[in-house]
J.: 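My questions will all concern the structure given below.
Along the sequence shown, residues are numbered consecutively beginning with 1.
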Amino acid sequence: LSISLLPSQKYTAIGMLGKATDTLDATGKVTEEKPYDQVTKGDLENVLQKFTGHIMQVPPLYSALKKDGERLSTLIKRGEAVEAKPARPVRVYSLSLQQFQPPLFTLDVECGGGFYVRSLVSDIGKELSTCATMQELTRTKQGPFTLEEHALHEDKWTIDEIARSLEHCTALLPREPSRKKLKTEHPGETAVICE
């Protein structure tokens, strides 16, 4: 199993029980509706334990993943048939229920790279013998940066405030130069640069 070593990220997600969509979020077309009256807060909290730790997850069809160099979402929008990608290992560091007001539920999720919160919400619905789709998603942390501490509010969008904010944020980044591979004109060759 290969788990991504990208920095962890945190999200607040609002899911809706009883409806499924083709995109697994509110932008998609409804593909299924099921009753959800039987689902209790306790049921939902118990199910979350199954989705914590090292788990296998099937990425959504509507995603940035590629087939033959093109995004799956682009191929689908063009009307081409696309097969689901196989389940792959992902990591969920923490998962908790913040609010339950049926049909809506709010989750706090901390996960590793390559994780799809839309797939999580859909899988939770299936595990509860209903269906679910994501209604809203807010990234609250990416690596060392948190929305609460590092977001620059609109009223402070001045050159001085932006410069001050960037100085503070660069102190959180690693000191080692990053290496990027650049494509060269000749197939099979790559150039490496340091920043």
J.: K126: what forms a salt bridge (charged side-chain N to carboxylate O under 4.0 Å, His left out) with it, not counting sequence neighbours?
T.: none
J.: Quick one: do the D108 and S96 side chains pair a donor with an acceptor below 3.5 Å?
T.: no
J.: Which residues pass the side chain to side chain contact (heavy atoms under 4.5 Å, CB included) test with T52, not counting sequence neighbours?
T.: L95
J.: Quick one: are F51 and D123 in side-chain contact, heavy atoms under 4.5 Å?
T.: yes
J.: Please find the pair of heavy atoms, one from P59 and one from Y116, that lie closest to each other, and give the distance.
T.: CB-CE1, 4.0 Å
J.: Find out whether K41 and L97 are in side-chain contact, i.e. whether some heavy atom of one side chain is under 4.5 Å from a heavy atom of the other.
T.: yes
J.: Under a 4.5 Å cut-off applied to non-hydrogen side-chain atoms, are M134 and V117 in contact?
T.: yes
J.: Which residues pass the side chain to side chain donor-acceptor pair (under 3.5 Å) test with T130, not counting sequence neighbours?
T.: none
J.: Quick one: salt bridge (charged side-chain N to carboxylate O under 4.0 Å, His left out) partners of E33, sequence neighbours excluded?
T.: none
J.: Does Y36 reach the side chain of C131, with side-chain heavy atoms less than 4.5 Å apart?
T.: no
J.: Tell me, please, which residues at least two apart from T40 pass side chain to side chain contact (heavy atoms under 4.5 Å, CB included).
T.: D43
J.: Would you please test Q135 and T133 for side-chain hydrogen bond (donor to acceptor under 3.5 Å, both in side chains) and show each step?
T.: CA-CA 6 Å; Q135 297 299 294; T133 192; 4.7 Å; no
J.: Could you tell me which residues satisfy salt bridge (charged side-chain N to carboxylate O under 4.0 Å, His left out) with E127, sequence neighbours excluded, listed by chain and number?
T.: K50
J.: Does the side chain of S119 pick up a donor-acceptor pair with the side chain of Q57 at under 3.5 Å?
T.: no
